[in-house]
There are 2 protein chains.
Amino acid sequence: MIDASALRDLEDILPGRVSTSAADLTSYSRDQGPVLEPALPVAVVRAGSVADVQEVLRWATRHRVPVISRGAGSGVSGGAHATTGSVILSLELMTRILEINPDDETAVVEPGVVNAALNDAVAGHGLMYAPDPASYRWSTIGGNVATNAGGLRCAKYGVTRDSVLALDVVLADGTLVRTGHRTFKGVAGYDLTALMTGSEGTLGVIVGITVRLRYLPTSVHTVAAFFEDFTSAAAGVLAIGRARVQPAILELLDGNTLEALDGAHGSDLRRRGGSLLLARTDGYGAAAEAEQIRAVLLGLGARVSDEGSEEADRLIDLRRHSRGDEVDDLYRVGEDVAVPKSQLVGYVAALEAMASRHQVQLKVVAHAGDGNLHPTFWVERREGPQAQERLESALDESVRCALDLGGTITGEHGVGQYKRRWLAWEQAPKILALQAEIKRVFDPLDILNPGKAIVS
Amino acid sequence: MIDASALRDLEDILPGRVSTSAADLTSYSRDQGPVLEPALPVAVVRAGSVADVQEVLRWATRHRVPVISRGAGSGVSGGAHATTGSVILSLELMTRILEINPDDETAVVEPGVVNAALNDAVAGHGLMYAPDPASYRWSTIGGNVATNAGGLRCAKYGVTRDSVLALDVVLADGTLVRTGHRTFKGVAGYDLTALMTGSEGTLGVIVGITVRLRYLPTSVHTVAAFFEDFTSAAAGVLAIGRARVQPAILELLDGNTLEALDGAHGSDLRRRGGSLLLARTDGYGAAAEAEQIRAVLLGLGARVSDEGSEEADRLIDLRRHSRGDEVDDLYRVGEDVAVPKSQLVGYVAALEAMASRHQVQLKVVAHAGDGNLHPTFWVERREGPQAQERLESALDESVRCALDLGGTITGEHGVGQYKRRWLAWEQAPKILALQAEIKRVFDPLDILNPGKAIVS
Ligand SMILES: Cc1cc2nc3c(=O)[nH]c(=O)nc-3n(C[C@H](O)[C@H](O)[C@H](O)COP(=O)(O)OP(=O)(O)OC[C@H]3O[C@@H](n4cnc5c(N)ncnc54)[C@H](O)[C@@H]3O)c2cc1C
Ligand SMILES: Cc1cc2nc3c(=O)[nH]c(=O)nc-3n(C[C@H](O)[C@H](O)[C@H](O)COP(=O)(O)OP(=O)(O)OC[C@H]3O[C@@H](n4cnc5c(N)ncnc54)[C@H](O)[C@@H]3O)c2cc1C
C-alpha cells in the first residue's frame, strides 16, 4: 500500500495536477461497467502534457504504484475501474488537435480529444474520422484506441485499429516511444501499433495518436425496415449480405429496445413492428445501394421506409442514443459478443429462449453488419441475490452460446475487469501465457492497469 | 553446424518430405531479393500438413536448427533467403482451401494457397479476397500474411492485415495455437493476429489463415491519364485526393517504366507521355467516381482515356506485370519506401535528381494512392564495383530522403534480410529492443528465421 510520503512526492512533482478529494476519488473510481470489487484510488492525476504522464510513470515505477489510464470513463467493461492502492491517470485535459493534414488525409491528436470533436474539426476539409462508437460525443480518441473501439460506421470503414497509423506511448518506466508510421502503409518491424490498440492501458499510456482520415461521403441514404419479430429482422441482415451490398451502417434493434426508446422519446416504434433494421449507405453509389437494400427487405415482407425518408435518418440518431443513460451494475449488464454472420438468426433466437428460461429481461441492439450484438440482461433490483444469480446464469449462457457458434466474448468493448472470467473460455492456455509474457516485456513491475484485459 | 545424424533423424521423422538434392538446395536458397551473403540450406522440407510442420519445429528445437519458412519465394527483401546451417520449410504443398463460407463472407485456407487461386474459388459466390500484390498469380496467402503484403486494390480495401481474422500458427517448440476470431470484430486479449501478420516467419509458422472476403464489385471503371512528366502525374494523385474521390486502384508509372513496357510488349506508351496515371473505381458508384477523376485530370492538362476505354483496362494488367521477370541482385535493386501523400511530388522530383547525381538508372512504379513507391535503381554490370558503390549511395539516399519526408523504409515488402541496415534509421533503439524482446517470448532459442525482419 502506498504511503503518505510517496503521495506527497507525487504532489511535489506535479503541483496542481493531483487530487485526493473524496469527490474526485469517488467519481474517478469507476467507468460505466458493472463493479465487481468496489475500490477507491489513492489519487487522481489530471495530466496536462506528455511530460506530466512521463513523470507519473517514473514516480509509479519508483514506488511500485498501479496506474490506471482513463479517458472519459465511458468504457463498459470496467477497464478504468480503480483497484485498491491505484492512481487514476486522467488524460481528459490533453485535448489538443495537434495537426490536421488535409493532403495527407491524416490528423495527430492528444489522447483526450473527444471523438466528435475530431470529426467536427476535419469535416471542413471534406474528411472524417470513421470509427464512431455510440459514445462518440463523449469518449476520447485515447480511450477508443485503448479499447480498439468499434461503432456504427465500422461495417464499411473498419474498427479503430484500421484508422490508427502511429502512436506515441509512454512506457511503464516513463520512456516515450513512437510506434508505426505517418504513411498509410508500412511494414517495418512488428506491428506494435496494433499491439497497443486494444491493450486497455496494460502495455503503455497512449499520449499521441496519428489517425488516417476518410472522405466525407458525397451522399447518404438511409433505409428503415420494421419486421414482425427479431429473428426475421436478423434474416434481413443475411439477405443484404447475400445481395453483396455493403452498407456503411447496419443496425438491428429488438422489440424491447423499441419499447424503451418509445418510453424515453414518446415515439411509437414498437407499435409498428417487433424489430427494426436500419441500413445506411454512403458515397457515390449510395442511392443505388439503398435501392437494392430496399428491394431485398421488401422481398422479405418488411415494412420499409420510402426513399428520402427523414424519419429513417432520425432513427439512426435515436439508435445512437439507445443505451440512454443506463449504467451497468450487478442487476443490469450489457454484453458485447460477436458471432459469424451466418449465425445471427440462430443466436438471436437462442438469446430469447435463454431470457425466458432464466426469467430475466432482455433487450438487444446489434451492429448487425459485423455480427456484433449488445444484449442487455436485467432483473428487478428488489428481487435481490436470487435474481442476480439468474442474471449471472443467463450471462454465462449467452457468452458460452456465442463461443459455441464460433464467436467471441467481446466484439468491441474489451475485456476490462468484468469479462476476464470468460477469457479462458475463448483463448487457449498457451495464448493466455503468451499475452502475459508480452505484458511482462512492456511492464515488468506490473504497474500498468494490473488485473485487466488479460489473465495470467 | 548441424550434423549428419540430426539430418537422418529429420528424414526418419518425415519420410519423403526432406530433400538434400543439390538442385533443391540451390533453387530454395533464395527469394527474389538481392543476396548479400550467399548460402545454401542443409535441407528443404516440403510440409504436407500441420503435423509435418509441428514435427519440423520439434526437431529444430531439439537440434537448435534455424528454420526458414517459405511460400512461393516471391519475396523481394531476402526474407526467405537461406542462411548457413538452416533448413527451408516450404509450405507450397499445403494448398487446400479448407472452407468457403459465403454467408459469413470468410474463407479458411492452408498457407500454400496461391492468392489468385483463392480469388478464383470465391468469385462464384460474388466475393473476392481483396489484397492483390502484383505477384498474385504466384505468391501464397501464407507469404502474403507473413509479409503483410499490399497490392493494387489496397488503396480502397486495405492491406493483408485488414483481411486476416484468425491464424493457426506453429510456434518454435512445435505447439499449435490459434490467434484471433472468425468474426469480423473481436477485441479479446492482445492482437496477436496483427503481431504475426508481417512478422516474416520470425515469430511462428503460419499454417492456417481465416480471411474476411469482400464483395466483388458490380462494376469497374478505369481511367488512364498520360502526363508530360512524372512530377505532374504525381500532382494528379494529390488532385484526386483533394476531390475526395477514393479509387480502388491508383497506380503511377514513370517514363522509364513505360519504355520498359514498350520494349517487352511492343506498345507505344512512352511516345504518348512521360508518365502514366492509372485509376480504377469500383462498386455502385464507380461510373460517377471515374467521371469525377477524369474531370480532375483533364483539368490538369493530362491526356485522359475515354469512358469505357478497353485500353485503360489492359494497361492495369500491363502494370501488374511491370516488374517483368527481373530478379534483384547487387546491380539492380527495387525499393519500397512510402511517404505521406502530400510529399509524393517532392519525393518523385528528389528521386530523379538523385539518379542523375549518382549516375544510376532509375524507373519507378508506385501504388500512388497509398504513397507507396517502388523505385528500381540499376547500374551496368560491366562497370563493376565502382558502379555498385554508386548504386548503394543512391539507395541509401533514396531511403534517407523518404524518412526525412515522414516516410518509411518499407511500405509492403518487409525488412527481410536486405533492408535491416536501414531499420535503425527509422526506429528508435527502444522500439528495436522491444521487438527483440517480443521475438524472445515467441522464439527463445532464436531458431525462427534468425537475422531477418528485426535487428537486435
Ligand atoms: C452509451 C455508450 C455507448 C457506447 N457505444 C460504443 C460503441 O458503439 N462501440 C464501442 O466500441 N464502445 C462503445 N461504448 C464503450 C466506450 O465508449 C468505449 O469503450 C470507448 O472507447 C471508451 O473511451 P473512453 O475515453 O471513455 O475510455 P475509458 O472508459 O476512460 O477507458 C477505457 C479503457 O482504455 C484505457 N485507456 C483510456 N485512455 C487511455 C490512454 N490514453 N492510454 C492507455 N489506456 C487508456 C482505460 O484504462 C480503460 O481500460 C459505449 C459506451 C457507452 C456508455
Ligand atoms: C513481380 C513481383 C511483384 C510483387 N508485387 C508485390 C506487391 O504488389 N505488393 C507486395 O506487398 N509485395 C509484392 N511482391 C513481393 C512478394 O510477392 C510478397 O512479399 C509476397 O507476399 C510473398 O509471398 P510468398 O508466398 O512468395 O512468400 P516468400 O517469398 O516465400 O516469403 C516471404 C516471407 O514470409 C515468410 N513466410 C512465407 N510463408 C510463411 C508462412 N506460412 N509462415 C511464416 N512465415 C512465412 C518467409 O520466411 C519470408 O520471410 C512482388 C514480388 C514480385 C516478384
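Letters go in sequence order (proteins before strands), and every chain restarts at 1. All values derive from a computational prediction rather than experimental measurement.
Under the side-chain contact (heavy atoms from CB on, under 4.5 Å) criterion, R440(A) pairs with E437(A), sequence neighbours left out. Partners of A286(A) according to the side-chain contact (heavy atoms from CB on, under 4.5 Å) rule, which considers only residues two or more places apart in sequence or in another chain, are S219(A), H221(A), T281(A).
Ranked by heavy-atom pairs under 4.5 Å with chain B, the list K185(A), R420(A), R178(A) is led by K185(A). Annotation: maximal heavy-atom pairing with chain B below 4.5 Å, among Q246(A), R214(A), H181(A), occurs at Q246(A). Chosen from G158(B), G406(B), A453(B), G414(B), the residue pairing most often with chain A at heavy-atom distances under 4.5 Å is G406(B). Note: L203(B) leads L203(B), L423(B), V339(B) in heavy-atom pairs under 4.5 Å with chain A. Of all the listed residues (A338(A), P217(A), G371(A), G407(A)), the one sharing the greatest number of non-hydrogen pairs under 4.5 Å with chain B is A338(A). Highest contact tally toward chain A, considering only Q343(B), K341(B), K439(B), H413(B), is held by K341(B) [criterion: heavy-atom pairs under 4.5 Å]. Of the listed residues (E200(A), Q435(A), K419(A), M196(A)), the greatest number of heavy-atom pairs within a distance under 4.5 Å of chain B belongs to Q435(A). Your options are T410(A), L432(A), L434(A), V415(A), and the one with the most heavy-atom pairs under 4.5 Å with chain B is T410(A). By number of non-hydrogen pairs under 4.5 angstrom with chain B, the leading residue of I409(A), T202(A), T175(A) is T202(A). Between chain A and the residues D370(B), T147(B), L216(B), T408(B), the most heavy-atom pairs under 4.5 angstrom are made by D370(B). If you tally non-hydrogen atom pairs under 4.5 Å between each of I431(B), L238(B), L195(B), L344(B) and chain A, the highest count goes to I431(B).
Sorted by first then second residue, the salt bridge (Lys or Arg N to Asp or Glu O under 4.0 Å) pairs that include residues 146-157 of chain A, not counting sequence neighbours, are D132(A)-R153(A), K156(A)-D282(A).
Y190(A) and S199(B) get closest at one heavy-atom pair: CE2-CB, 3.8 Å.
In this structure, no portion of A433(A) lies under 4.5 Å from any heavy atom of chain B. When heavy atoms are compared at a cutoff of 4.5 Å, H367(A) approaches chain B solely by way of its side chain, counted from C-beta outward. For T193(B), no part sits under 4.5 Å from any heavy atom of chain A, backbone or side chain. Heavy atoms closer than 4.5 Å to chain B are found nowhere in T106(A), neither backbone nor side chain. For N372(B), the part lying under 4.5 angstrom from a heavy atom of chain A is the side chain only. Interface residue A288(A): backbone and side-chain heavy atoms are both found under 4.5 Å from chain B. Interface residue E289(A): backbone and side-chain heavy atoms are both found under 4.5 Å from chain B.
A side-chain donor-acceptor contact under 3.5 Å links Q427(B) to the backbone of A188(A). Remark: the backbone N or O of H125(A) is paired with a side-chain donor or acceptor of R244(B) at under 3.5 angstrom.
The shortest side-chain heavy-atom distance between V337(A) and T183(B) does not fall under the 4.5 Å cut-off. You'll find the side chain of D191(B) stays beyond 4.5 Å of the side chain of T197(A), heavy atoms only. At a threshold of 4.5 Å between non-hydrogen side-chain atoms, the residues V159(B) and V187(A) do not count as touching. With contacts defined as side-chain heavy-atom distances shorter than 4.5 Å, the pair K430(B)/L176(A) does not qualify.
In this structure, the separation between OH on Y284(B) and CD on E291(A) is 10.5 Å, given to the nearest 0.5 Å.
Just one residue in the list N101(B), D103(B), D104(B) forms a side chain to side chain contact (heavy atoms under 4.5 Å, CB included) with P340(A), and that residue is D104(B).
Chain A is approached within less than 4.5 Å, heavy atom to heavy atom, by R161(B), D162(B), L171(B) from residues 160-172 of chain B, ordered by number.
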Exercise for the section: Test side chain to side chain contact (heavy atoms under 4.5 Å, CB included) on Y215(B) and V245(A) and set out the steps. Expected result: CA-CA 7 Å; Y215(B) 301 154; V245(A) 189; 5.5 Å; no

